[in-house]
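This report refers to the structure that appears directly beneath it.
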Amino acid sequence: MDLASILIQTLNSVQYGLLLFLIASGLTLVFGIMGIINLAHGSFYMIGAYIAFVLTSFTGNLFFAIFLGIPLALALGAFLEWALFSHLYKRDHLEQVLLTYGLILIFEEIRSILVGDDVHGVAIPSLLNFSIQLSEVLSYPFYRIAISIACIVLAIGMFYLIQKTKLGMMIRAGSHDRTMVQALGININMIYRVVFALGLALAALAGMLASPISSVYPNMGSQVLIISFVVVVIGGIGSIWGALVAAMIIGFADTFGKVILPELSGMVVYLIMAAVLLWRPEGIFKKA
C-alpha cells in the first residue's frame, strides 16, 4: 500500500473504532453499572438507524432527524427500564438473557411491520457531502471525518459526566453499593433509569450517524452486538476509558486485517480478545 492508501485505512480505522466506542460505551454502562446483560443493545443501534431513515424521509435533513431522534431514544430507554428492566436487578442473568433476546424478536417484528424488509439509504447532509483530496486519484469523504469528530466530542462529554459531575458520582457509587446509596437518600432507581436511557441513546445515536454510510437493513444490530461485547470484554466491564481503548484496537485490527490478511480477518478480533483474556481476565482496564 502507498502512503495515501495507508492514510485512508487509518482514517477508516479511527472512524470505525470511535463508532464502536459509541455503541459499546452504552453497553458497558448498562452491564457494568446495572449488572444487566442486554442482548437487545444491537437492536437499539438498529432503531437509531431506522429513526434516522424515517425522520429524514419526512424532514429531508439528517441533522434535524438526529435532533428529534435523540429525545425519542431517551424516552424509549426510560420507558423500557421502568416497564421491564427495573424488575431484573435482583434476578439471575438467565432471565435477563431471555427478556433481552425476546426484545430482539419483538423489535425486528415491529420493524418489519412498520417499514418492511427492504434495504434503505439515508442521504448525507449536503453541508458534509464532499471529499478531501489525499492524492491525485484518492479522496476521502468528509462525512466519515465528521462522525469521528462527533464521537470524540461525545467521549469527552461522557468522561466529564462520569468523573466530574454529581450525577456521575452517584452513578459510580450506585455501581459499587446500591444499598448504601439508597441509605444515603439517593433515588437509585432513577439513577439506573438515567443510565439505561443514556446507554440506549448512545447506541441509537451511533445508528443514526452510521446510517448514511452503512445503509439501513433488517437485523443490522446483530453483528454490532457481537463486536460490542468483544469491546466491552477487552476494555473491562464498566470502564468507559477501557471501551475507548478496546474499540480503537478492534477498529485498527479489523480494518487493516481485511486489507492485509483478508482470509483471516474474521478471526483477528476474536484472537485479540482471547489473548487479552489470557493476559488480564478482567480486561485491559478494571471497572471504573
Side-chain angles (χ1 to χ4, degrees), residues 13-14 16-48 77 80-81 85 88-89 92-94 96-97 99-101 103-104 151 154-155 157-159 161-163 168 171-172 174-176 192 195-207 210 220-255 266-288:
S13 300
V14 171
Y16 179 49
L18 287 172
L19 196 65
L20 269 182
F21 162 72
L22 197 60
I23 304 167
S25 60
L27 183 62
T28 200
L29 278 174
V30 172
F31 193 8
I33 293 174
M34 300 167 62
I36 296 291
I37 299 177
N38 183 15
L39 297 185
H41 196 73
S43 296
F44 301 155
Y45 172 82
M46 178 197 71
I47 287 171
L80 289 176
E81 194 281 337
F85 289 89
L88 295 178
Y89 299 137
D92 60 37
H93 290 320
L94 177 59
Q96 299 171 5
V97 168
L99 172 65
T100 53
Y101 180 72
L103 282 177
I104 295 174
C151 291
L154 286 167
M158 276 190 288
F159 175 80
L161 173 67
I162 298 298
Q163 298 294 334
I171 289 173
R172 286 183 281 119
S175 69
H176 290 288
Y192 279 11
V195 169
F196 190 84
L198 180 61
L200 190 153
L202 288 170
L205 177 58
M220 64 183 297
S222 300
Q223 186 176 3
V224 166
L225 174 67
I226 296 171
I227 202 70
S228 296
F229 268 112
V230 170
V231 169
V232 170
V233 169
I234 291 175
I237 296 171
S239 172
I240 295 295
W241 177 242
L244 176 59
V245 172
M248 296 308 299
I249 292 172
I250 295 301
F252 275 87
D254 186 69
T255 302
M267 300 172 52
V268 171
V269 296
Y270 303 106
L271 290 174
I272 293 173
M273 181 179 70
V276 170
L277 288 177
L278 288 172
W279 168 51
R280 288 176 67 89
E282 72 276 16
I284 297 175
F285 292 84
K286 292 183 179 181
K287 184 175 179 179

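Just so it is clear, the model here is predicted, and its values are computed rather than measured.
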Exercise. Step by step, would you call Ile240 with Gln163 a side chain to side chain contact (heavy atoms under 4.5 Å, CB included)?
Worked result: CA-CA 10 Å; Ile240 295 295; Gln163 298 294 334; over 6 Å; no

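- One finds the CG atom of Leu99 at 8.5 Å from the CD atom of Gln96 (value rounded to the nearest 0.5 Å).
- Nearest heavy-atom pair, Gly235 versus Ser239, reported as atom, atom and distance to 0.1 Å: O-CB, 4.3 Å.
- Note that NE2 of His93 and CD1 of Ile37 are 4.5 Å apart. Values are rounded to the nearest 0.5 Å.
- For Gly221 against Tyr45, the heavy-atom pair with the smallest separation is CA-CD2, 4.4 Å.
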For this session: Start with the C-alpha gap between Val14 and Phe252, add the side-chain angles, then the distance that decides, and say whether side chain to side chain contact (heavy atoms under 4.5 Å, CB included) holds.
Result: CA-CA 7 Å; Val14 171; Phe252 275 87; 3.8 Å; yes

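- For the atom pair CD1 of Ile272 and CE of Met267, the computed distance is 11.5 Å after rounding to the nearest 0.5 Å.
- Closest heavy-atom contact between Tyr16 and Asp254: CE2-OD2, 3.6 Å.
- Annotation: side chain of Leu205 is in contact with side chain of Leu154 (closest heavy-atom distance under 4.5 Å).
- Shown here for Leu225 and His41, the closest heavy-atom pair between the two residues is CD1-CB, 4.1 Å.
- When every heavy atom of Val231 is checked against every heavy atom of Ala243, the shortest pair comes out as CG1-O, 3.5 Å.
- Atom OH of Tyr101 has 12 or fewer heavy atoms from other residues, nucleotides or ligands within 6.0 Å.
- With hydrogens and angles ignored, the 3.5 Å screen pairs a side-chain donor or acceptor of Thr100 with a backbone N or O of Leu39.
- Contact record, Asn38 with Phe44: ND2-CE1, 3.2 Å, taken as the closest heavy-atom pair.
- For the atom pair CE (Met158) and CG (Leu198), the distance works out to 7.5 Å, reported to the nearest 0.5 Å.
- The aromatic rings of Phe196 and Phe85 lie tilted to each other, with the angle between the two planes from 30° to 60°.
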Enumerate, atom names and distances included, each donor-acceptor pair closer than 3.5 Å involving a side-chain atom of residues 18-30, sequence neighbours excluded.
residue	atom	partner	partner atom	Å
Ser25	OG	Phe21	O	3.0
Ser25	OG	Leu22	O	3.0
Thr28	OG1	Gly238	N	2.7

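- Panel note: side chain Arg172, backbone Ile162; a donor-acceptor pair is recorded below 3.5 Å.
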